[in-house]
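Accompanying notes for the structure given below.
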Number of protein chains: 2
Amino acid sequence: MGVKRKTKSVKKLLKIFGQTNSAISAVKLAEDLHQEMNKTTVYRILERLEDEGTLHSFIGKDGLKWYANNEKDSAPYHSFAHPHFQCKSCGKTECLTMDIDIPPVPKYKIDSIKLLFIGECDDCAS
Amino acid sequence: MGVKRKTKSVKKLLKIFGQTNSAISAVKLAEDLHQEMNKTTVYRILERLEDEGTLHSFIGKDGLKWYANNEKDSAPYHSFAHPHFQCKSCGKTECLTMDIDIPPVPKYKIDSIKLLFIGECDDCAS
DNA sequence: AATTTAATGCACCTTAGTTGCAATAACAAA
DNA sequence: TTTGTTATTGCAACTAAGGTGCATTAAATT
């Protein structure tokens, strides 16, 4: 560790993420770039760019790691949703007094988040 | 495939999940049970129990597969919501490839979680 | 008890991601 | 521009999660 160097490989990755707000899996990147750089390099640069705050990552539904641009204007970096609870039996709906932390959403410009918990209220459960 | 058999191994897994509402990773189960049964057996039974609706699974933040009791009356120890995105202009809706970690909700029995991101899709934004 | 076939164990495989180390290439300084 | 320093890379080998093919075992049925 010391001074970070902006190598060709780093620039290449930055260019790719600079051109899209879509999330891209590490596997896909390593595949696409394998003529230009080693997969190890891809993984290491992704880790570095995430550490530096340029990218963020998440685990997709199949267990693969995905990366996406972390620019402030591309997606809300952090938002909180106020969940509502609705009883499936009587339909009673109420606002819960908790905030759910919603991580950055790649690719889309989000205006609002609807978060609904469906279950059974105390009255109906007894 | 044919008639499902309730073997010792299946009973053992059912007993474990019958005693807790916590989620358990497949890795942990395979480790804990490795004197009693092969890891392949563990994975196969977990898959079967999920297919049958007894368990449900999700991918944890480190990419490991977790399983938990699917009984309706059990409070979710941890749940993950699969968000959908809906365009406010054209109505196009799609499944996002990320899981949102929903912390345990006190007081309520939650059956399912609906998480909807509302915004504007690429087509409508341009 | 004999028969059928689902479930299991085992060995081996696949794939994502990581690590150690020698070779290479940024970058700074001369 | 050349030289020296060291961050970065490529490579090969590794780890760990999870899956597969097949011969063997053991539920369930007769």
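Quick note on labels: first sequence line is chain A, next is B, and so on, each numbered from 1. Computation of the quantities below employed the complete heavy-atom set of this structure, encompassing side-chain atoms and omitting hydrogens, waters and symmetry-equivalent molecules.
Among the nucleotides D/dG10, C/dA7, C/dT8, the one closest to any side-chain atom of B/Ile45 is C/dT8. Distance from the side chain of A/Lys8 is smallest to C/dA26 among D/dT8, C/dA26, C/dT8.
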Audit row: A/Val10, A/Arg48, side-chain contact (heavy atoms from CB on, under 4.5 Å) steps and yes/no: CA-CA 9 Å; A/Val10 172; A/Arg48 164 180 160 181; 3.6 Å; yes

Evaluation steps, side-chain contact (heavy atoms from CB on, under 4.5 Å), between A/Lys6 and A/Leu14: CA-CA 10 Å; A/Lys6 215 160 195 174; A/Leu14 284 174; 3.5 Å; yes

side-chain contact (heavy atoms from CB on, under 4.5 Å) evaluation trace for B/Lys114 with B/Ser112: CA-CA 7 Å; B/Lys114 306 293 182 189; B/Ser112 67; 4.1 Å; yes

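Regarding A/Lys12, its NZ atom lies at a distance of 14 Å from the P atom of D/dT9, rounded to whole Å. Counting to the nearest Å, the P atom of D/dA17 and the NZ atom of B/Lys28 are 13 Å from each other. The distance from atom CG of B/Leu64 to atom P of D/dG19 is 12 Å, rounded to the nearest whole Å. In this structure, the NZ atom of B/Lys65 is 16 Å from the C1' atom of C/dA16, given to the nearest Å. In this structure, CD of B/Glu36 is placed 19 Å from P of C/dA7, rounded to the nearest angstrom. Rounded to a whole Å, the OH atom of A/Tyr43 is 14 Å from the C1' atom of D/dA16. Atom CD of A/Glu47 and atom C1' of D/dT8 are 14 Å apart (whole Å). One can place CG of B/Asn38 at 14 Å from C1' of D/dG21, the figure rounded to the nearest angstrom.
Nucleotides of DNA chain D nearest to B/Arg44 and A/Thr41 differ in position, and the one nearer the 5' end is that of A/Thr41. The residue among B/Thr7 and B/Glu31 whose nearest nucleotide of DNA chain D lies closer to the 5′ end is B/Glu31.
To the nearest 0.5 angstrom, B/Ile24 atom CD1 is 12.0 Å from B/Tyr67 atom OH. To the nearest 0.5 Å, atom CG of residue B/Leu49 and atom NE2 of residue B/His56 are 13.0 Å apart.
Contact annotation for A/Ala26: backbone-only contact, meaning every heavy-atom pair under 4.0 Å involves sugar-phosphate atoms and none involves a base.
Applying the 3.5 Å distance criterion, the base of C/dG17 shares a donor-acceptor pair with the side chain of A/Lys39.
Between B/Arg5 and D/dT29 there is no side-chain polar atom (N or O) within less than 4.0 angstrom of OP1 or OP2. Distances shown here put every side-chain N or O of A/Thr40 at or beyond 4.0 Å from the OP1 or OP2 atom of D/dT9.
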